[in-house]
Amino acid sequence: MDYQKLAQLLYPDIDKTPEYYEEKYPPRDLPEGAKVTRFAPSPTGFVHFGGLFPVTVCERLAHQSGGVFMLRIEDTDSKREVEGAEMDIIRAFEHFGIRFDESIVHGGDYGPYRQSDRKAIYQCYAKYLVANGHAYPCFCSAEELDELRARQEEAKVTPGYYGEYVRCRDLSYEEVEANLKAGKPFVLRFRSNGNAENKVKITDLIKGNLEITENSIDHVLLKSDGIPTYHMAHAVDDHLMRTTHVIRGEEWLPSLPYHVQLFQALGFRLPKYMHISQLMRLEGTAKKKLSKRDAGAGITYYFSEGYAPECVTEYVMTLLNSNFEDWRRANPNEDIDKFPFAIKKMSPSGCLFDMAKLNDVCKNVVSRMDAETVYNKVTGWAEEYDPELHALLTRDPDYSRRILGIGRGGAKPRKDIALWKEVKEYVSFFFEELFTVSAEMPANVEPADRVKILTAFAESYDETADQTAWFDGIRAIAESVGYAGDMKAYKAEPEKYRGHIGDVSMCLRVAVTGRESSPDMYEVMKILGAEKVTARCLAAAKA
RNA sequence: GGCCCGUUGGUCAAGUGGUUAAGACACCGCCCUUUCACGGCGGUAACAGGAGUCCGACUCUCCUACGGGUCACCA
């Protein structure tokens with residue numbers, strides 16, 4: 001068989017050669033050790049939260065080493081494509097501070113960055129493979145393949161197009177020509193020289209040394225519409241874009257031997273591989289892949305809930321590099337990009353997505369922000385997701401900043417807020433329209449005592465008093481109604497008192513804020529002002 | 001089912017032949033505090049199971065179990 005002639009028959013319009021592209025996309029001129037990475041999603045209209053993991057690894061590795069990070073759109077499956085999805089992907093990741101150096105919008109010398117725009121390139125290499133006997137056209141119909149699969153399942157053998165089951169591998173030139181003339185569609189298949197009895201040794205930077213069964217299947221390289229499958233596109237694109245590190249989900253591990261063969265057949269140098277484990281969630285006692293329908297699986301969830309992007313990044317980092325939390329404790333205010341990201345610190349096993357941990361990380365990150373930052377971020381979020389809150393906070397920005405600033409900036413900042421969505425509930429009692437008198441009171445305070453306490457406080461509250469004087473006033477009220485003004489005295493002889501100063505404080509807190517948990521009461525009362533404070537105390541006394 | 005990857009407390013995890021098997025989240029207790037928080041101190045809780053190698057295995061090998069992935073003209 002004259003493969004050269006067959007290649008010409010199959011792809012008469014392809015006049016470029018691999019040399020042409022090699023020259024057009026030369027090795028990158030980068031410093032020693034610089035990594036070139038890429039994130040390559042399909043524009044399906046759903047941006048998965050899990051994508052943040054490989055993306056973050058790609059971005060860190062590239063930018064930390066003075067390399068390049070690309071975004072390549074893998075739109076070779078027109079059936080799954082969704083309008084506008086490309087921009088959604090870019091916007092989503094940029095929201096989390098991911099900077100792409102090259103992409104369909106950022107440009108770059110190694111494009112096009114959309115696979116549907118690279119058809120001629122793939123076909124050139126397809127033609128090259130045919131010319132070298134590494135690929136052949138297959139005219140089997142979908143029905144024939146279904147039938148083959150059924151037969152293999154029946155016989156309990158590995159399904160697939162390989163070995164004795166291939167039909168089109170050795171068609172003669174004349175047969176191919178006749179099929180083409182008859183207008184029969186064909187796919188281009190890889191002529192595998194692999195043997196399922198053999199193992200290939202491959203090193204994965206995360207998983208370590210692997211021994212995987214050789215690929216013996218003649219996989220499809222080009223679909224009948226001339227568009228490549230993932231595998232072909234991966235080899236051609238990552239070679240031509242000069243990717244040094246292929247970072248992807250571990251679902252690709254089984255096809256790795258095939259990719260190794262392909263790179264060999266194409267004469268490409270193999271890139272380094274890093275396969276990242278999938279994010280899981282717990283269902284009963286079983287770990288399940290975080291799937292589309294789960295809360296938190298879609299990235300838009302984090303927008304609408306009001307997760308600050310730096311909080312999410314922080315959490316992602318704790319899962320990606322096991323020593324990140326230690327580093328953060330040692331460098332609480334350092335820019336996250338200063339963290340030395342290490343491939344070695346990545347876990348080979350999959351982890352569970354832990355919402356509680358995420359929230360804890362959020363609280364820590366938010367607690368480190370100053371009032372101005374919080375104000376700007378919350379209003380920015382609320383503008384889109386909670387117009388009522390936005391209107392409330394922007395009505396009097398200084399008032400809002402004072403509220404959001406309580407307990408902030410000290411050595412032991414409060415950690416009340418994890419998500420912006422929670423801010424409304426948190427600040428609600430500062431706004432009359434959201435405040436409701438609470439009838440709930442500490443159970444161990446007699447209703448009659450409660451009335452006495454609240455009335456006495458309302459009558460004596462002096463908003464000009466300093467914190468000590470203010471508290472002394474409360475202490476005096478406590479003692480006047482038979483409550484211990486000192487916790488130690490109370491603990492020593494609890495039977496001597498009707499309650500303690502803590503109970504009294506709680507009465508005031510509930511009356512003024514409507515809740516059992518709030519920031520520092522002295523600050524809260526000063527911000528609210530004497531008029532509201534006394535009015536609320538009297539209202540609560542009545543209730 | 002075949003093939004592949006994985007398995008340290010409820011969760012995330014340190015650990016690379018000899019450790020009282022870190023730390024974080026969650027949970028519980030105590031302390032601090034005017035209270036809720038915050039913070040501090042402490043506690044419950046783990047090497048999936050079985051063989052083997054070795055003076056000695058969480059660490060190495062094998063088997064089993066469990067979990068996950070993959071077997072498309074989808075990525």
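Note that the structure is predicted; figures quoted are calculated from it, not measured.
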Quick one: label A:Arg475 by what it contacts on the DNA or RNA (base, sugar-phosphate, nothing), any heavy atom closer than 4.0 Å.
-> nothing
Give a yes/no answer on whether the side chain of A:Lys415 brings an N or O atom under 4.0 Å of OP1 or OP2 in B:rG39.
-> yes
Any side-chain heavy atom of A:Leu188 within less than 4.5 Å of one from A:Val220?
-> no
Given that both distances must come in under 3.5 Å, which nucleotide forms a Watson-Crick or G-U wobble pair with B:rC62?
-> B:rG50
Residue A:Glu251, side-chain heavy atoms: nucleotide from B:rC12, B:rG2, B:rA75 that is nearest | B:rA75
Just call it for A:Ser224: base, sugar-phosphate, or nothing, with non-hydrogen atoms closer than 4.0 Å on any strand.
-> base
Can you tell which of B:rC74, B:rC12, B:rG39 lies closest to the side chain of A:Lys79?
-> B:rC74
For A:Phe471 and B:rU34, give me the distance from atom CZ to atom P, rounded to whole Å.
-> 5 Å
A:Arg329 vs A:Thr318, nearer the 5' end of RNA chain B by closest nucleotide = A:Thr318
With a non-hydrogen cut-off below 4.0 angstrom, is A:Pro413 in contact with a base, only sugar-phosphate, or nothing?
-> sugar-phosphate
Could you check which nucleotide pairs with B:rC41 in any of the strands shown, counting Watson-Crick or G-U wobble with both distances under 3.5 Å?
-> B:rG29
For A:Met280, which contact category applies under a 4.0 Å heavy-atom criterion: base, sugar-phosphate, or nothing?
-> sugar-phosphate
Angle class for the A:Phe457/A:Trp470 ring planes (parallel below 30°, perpendicular above 60°, tilted otherwise)?
-> perpendicular
So what's B:rU19 paired with, Watson-Crick or G-U wobble, going by both distances under 3.5 Å?
-> none
Across all strands shown, which nucleotide pairs with B:rU11 by Watson-Crick or G-U wobble geometry, both distances under 3.5 Å?
-> B:rA24
When rounded to the nearest Å, what value does the distance between C1' atoms of B:rU16 and B:rC31 take?
-> 40 Å
According to the interplanar angle, ranging from 0 to 90°, do the rings of A:His234 and A:Tyr230 count as parallel (below 30°), tilted (30 to 60°) or perpendicular (above 60°)?
-> parallel
Whole Å only: how far is the CD1 atom of A:Ile206 from the P atom of B:rA13?
-> 12 Å
Could you work out which one of B:rA13, B:rC25, B:rC73 sits closest to the side chain of A:Asp360?
-> B:rC25
With heavy atoms under 4.0 Å as the rule, sort A:Pro228 into base, sugar-phosphate or nothing.
-> sugar-phosphate
B:rU61 to B:rC4 separation - P atoms, rounded to the nearest Å = 16 Å
Mind checking the C1' distance from B:rU70 to B:rC58? Whole angstroms is fine.
-> 30 Å
So what does A:Lys207 hit on the nucleic acid, given a heavy-atom distance under 4.0 Å: a base, only sugar-phosphate, or nothing?
-> sugar-phosphate
At under 4.0 Å, does any side-chain N or O of A:Lys491 touch on OP1 or OP2 of B:rC30?
-> no
Determine the interplanar angle of the A:His219 and A:Tyr258 rings, folded into 0 to 90°, and report it as parallel if under 30°, tilted if 30 to 60°, perpendicular if over 60°.
-> tilted
Classify the angle between the aromatic ring planes of A:Phe353 and A:Phe49 as parallel (below 30°), tilted (30 to 60°) or perpendicular (above 60°).
-> perpendicular
Atom CG of A:Leu352 and atom P of B:rU7: how far apart are they, to the nearest Å?
-> 14 Å
Does A:Phe93 have its ring centroid less than 6.0 Å away from the ring centroid of A:Phe39?
-> yes
Measure distances between side-chain N and O atoms of A:Thr229 and base N and O atoms of B:rC73, and say whether any donor-acceptor pair falls under 3.5 Å.
-> no
Where the side chain of A:Met506 is concerned, which of B:rG23, B:rC36, B:rA75 is the nearest nucleotide?
-> B:rC36
How long is the line joining CD of A:Gln278 and P of B:rA75, in whole Å?
-> 17 Å
Taking atom P in both B:rG40 and B:rG23, compute the distance separating them and give it to the nearest angstrom.
-> 14 Å
Using a cut-off of 4.0 Å on non-hydrogen atoms, how would the nucleic acid contact of A:Leu210 be classed: base, sugar-phosphate, or nothing?
-> sugar-phosphate
Taking the same atom, C1', in B:rC47 and in B:rG29, what whole-Å distance lies between them?
-> 28 Å
So what does A:Gln115 hit on the nucleic acid, given a heavy-atom distance under 4.0 Å: a base, only sugar-phosphate, or nothing?
-> nothing
B:rA14 OP1/OP2 closer than 4.0 Å to side-chain N/O of A:Ser322 = yes
Quick one: label A:Thr76 by what it contacts on the DNA or RNA (base, sugar-phosphate, nothing), any heavy atom closer than 4.0 Å.
-> sugar-phosphate
Please report, rounded to the nearest Å, how far the P atom of B:rC3 is from the CD atom of A:Glu250.
-> 18 Å
Please work out if A:Ser277 contacts a base, only the sugar-phosphate, or nothing of the nucleic acid, heavy-atom cut-off 4.0 Å.
-> nothing
What do you reckon, are the aromatic ring centroids of A:Phe186 and A:Phe139 less than 6.0 Å apart?
-> yes
Donor-acceptor pair between A:Asn209 and A:Lys201 side chains, under 3.5 angstrom = no
Which one, B:rA37, B:rC73, B:rU34, comes nearest to the side chain of A:Val220?
-> B:rC73
Could you walk me through whether A:Asp238 and A:Arg38 pass the side-chain contact (heavy atoms from CB on, under 4.5 Å) check?
-> CA-CA 8 Å; A:Asp238 283 318; A:Arg38 98 280 111 113; 2.6 Å; yes
Spacing between A:Arg281 atom CZ and B:rG67 atom P, to the nearest angstrom = 15 Å
Taking the C1' atom of each, how far is B:rC71 from B:rU64, in whole Å?
-> 24 Å
Does the side chain of A:Asp354 come under 3.5 Å of the side chain of A:Tyr315 through a donor N or O and an acceptor N or O?
-> no
Could you check how far CD1 of A:Ile217 sits from P of B:rC3, rounded to whole Å?
-> 13 Å
Given the P atoms of B:rU19 and B:rC3, what is the spacing between them in whole Å?
-> 38 Å
Using a cut-off of 4.0 Å on non-hydrogen atoms, how would the nucleic acid contact of A:Ile501 be classed: base, sugar-phosphate, or nothing?
-> sugar-phosphate
Would you kindly compare A:Leu253 and A:Ser141 by the position of their nearest RNA chain B nucleotide and give the one closer to the 5′ end?
-> A:Leu253
In the structure shown, which nucleotide is the Watson-Crick or G-U wobble counterpart of B:rC3, with both distances under 3.5 Å?
-> B:rG69
Assign A:Asn359 to base, sugar-phosphate, or nothing according to its heavy-atom contacts below 4.0 angstrom with the strands shown.
-> nothing
Side-chain donor or acceptor of A:Arg414 under 3.5 Å from a matching atom on the base of B:rC36?
-> yes
Give the nucleotide from the list B:rC25, B:rU34, B:rG23 with an atom nearest to the side chain of A:Ala356.
-> B:rC25
P atoms of B:rA26 and B:rC62, separation to the nearest Å | 40 Å
Grab the CD-P distance between A:Glu144 and B:rC73 for me, whole Å please.
-> 13 Å
Reckon A:Lys199 touches a base, only the sugar-phosphate, or nothing at all at heavy-atom distances under 4.0 Å?
-> sugar-phosphate
Look at all strands and tell whether A:Cys362 reaches a base, only sugar-phosphate, or nothing, counting heavy atoms closer than 4.0 Å.
-> nothing
For B:rU34, what is the paired nucleotide under Watson-Crick or G-U wobble rules, both distances under 3.5 Å?
-> none
Output the single nucleotide from B:rU11, B:rG15, B:rA75 whose closest atom is nearest the side chain of A:Lys345.
-> B:rG15
